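Below: the structure, in structure tokens.
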2 protein chains.
Amino acid sequence: MPRIRHTTLTCSPGCTVEATLELFGGKWKALILYHLFEDGVLRFSEFRRRMPNVTQRMLTNQLRELEADGLISRTVFPEVPPRVEYELTDLGKTLKPVIHALKEWGDKYAHSLKQKKE
Amino acid sequence: MPRIRHTTLTCSPGCTVEATLELFGGKWKALILYHLFEDGVLRFSEFRRRMPNVTQRMLTNQLRELEADGLISRTVFPEVPPRVEYELTDLGKTLKPVIHALKEWGDKYAHSLKQKKE
DNA sequence: CTGTATCCCCCTCGATACTG
DNA sequence: CAGTATCGAGGGGGATACAG
């Protein structure tokens, strides 16, 4: 329950760039959002399949933060076994151009990054 | 001189989203790029004025990483006092849509984020 | 299936002082 | 002016075990 927002607020005006970026601060958030844009609705286990390198802990953590930021919604179905579905909120959906821009760029230029093996 | 790239490579394909995001991993990189898009060419001290909350150390660090990634260029003028100018490379300029998307979203929706004062 | 709870390493980043 | 050097804290995030 830390959930400490960086309280960056680094730059006075016009620096909403940063505010936006804080949303993706978490290491996996962009990926989560990306998959939600792709698939619409996803269960916890489906995330795990799509992002095998993310630990449970981190996945839960990042999902919770995205939820706290009002970008995704979490619906629990009282069944056995339990089922939980995540989807984008209306606010979350407005991020589409951002995620899209990220993906577009990556598709075109990611390969041209200088490889720096430590 | 660690310059350790996270070697994330988390997700097999289609996850260039993440690759792109790694470029902005640094806390201030997006802001640096943003200012370069605004102003074209900037000196070290000009960055400092535009980003008063960034320490020298961090500014230097982030500039170096952006340079190492081939996104900005660094030109030293052998004068006294020294002058160093930074500007976007051709590759760096291709990030315009991304930075623009980040800023657009921030301008529209940053205020609607849930305020979480820890 | 969908998570919590711990433990703990290690990297990130701030503060401060020094340099060519 | 434009940086380096060093120190040190803090928290992000991995591994693992446990729970409803």
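Keep in mind the model is a prediction, meaning the values are calculated, not measured. Because only heavy atoms are used, hydrogens play no part in the values below, and waters and symmetry mates are left out as well, while side chains stay in. Below, chain A is the first sequence line, B the second, and so on; all start at residue 1.
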What is the separation between atom [atom1] on [X] and atom [atom2] on [N], rounded to the nearest whole Å?
| X | N | atom1 | atom2 | result |
| --- | --- | --- | --- | --- |
| B:R64 | C:dC13 | CZ | P | 17 Å |
| A:E22 | D:dG11 | CD | P | 15 Å |
| B:Q56 | C:dT19 | CD | P | 14 Å |
| A:F77 | C:dC1 | CZ | C1' | 14 Å |
| B:L42 | D:dA2 | CG | P | 11 Å |
| A:E65 | D:dG11 | CD | P | 13 Å |
| A:M51 | D:dG14 | CE | C1' | 15 Å |
| B:L59 | C:dA15 | CG | P | 14 Å |

As a quick check of understanding, evaluate side-chain contact (heavy atoms from CB on, under 4.5 Å) for A:T20 and B:Y109, giving each step before the final call.
CA-CA 9 Å; A:T20 309; B:Y109 302 105; over 6 Å; no
Verify the contact: side-chain N or O of A:R83 to OP1 or OP2 of C:dT2, cut-off strictly under 4.0 Å; return yes or no.
no
Closer than 4.0 Å, any side-chain N/O of A:R48 to the OP1 or OP2 of C:dG3?
no
What's the closest nucleotide to the [X] side chain, out of [options]?
| X | options | answer |
| --- | --- | --- |
| A:S45 | C:dT2, C:dG14, D:dG14 | C:dT2 |
| A:P82 | D:dT4, C:dT2, C:dT4 | C:dT2 |
| B:R74 | C:dC13, D:dG13, D:dA2 | D:dA2 |

Start at the 5' end of DNA chain C and walk down; is the nucleotide closest to A:R49 or to B:N61 reached first?
A:R49
How would you label the contact of A:Y86 with the nucleic acid (heavy atoms, under 4.0 Å): base, sugar-phosphate, or nothing?
sugar-phosphate
What's B:R57 touching, base or sugar-phosphate or nothing? Going by heavy atoms closer than 4.0 Å.
base
side-chain contact (heavy atoms from CB on, under 4.5 Å) between B:L88 and B:F37, intermediate numbers included:
CA-CA 8 Å; B:L88 294 160; B:F37 276 116; 3.5 Å; yes
Closest heavy-atom pair and its distance - B:L102, A:V98
CD2-CG1, 3.6 Å
What's the verdict on side-chain contact (heavy atoms from CB on, under 4.5 Å) for A:D39 and A:R50, showing C-alpha distance, side-chain angles and the deciding distance?
CA-CA 11 Å; A:D39 298 317; A:R50 281 163 180 73; 2.7 Å; yes
For A:R48 and A:L59: C-alpha separation, side-chain torsions, deciding distance, then whether side-chain contact (heavy atoms from CB on, under 4.5 Å) applies.
CA-CA 8 Å; A:R48 297 213 71 196; A:L59 183 53; 3.7 Å; yes
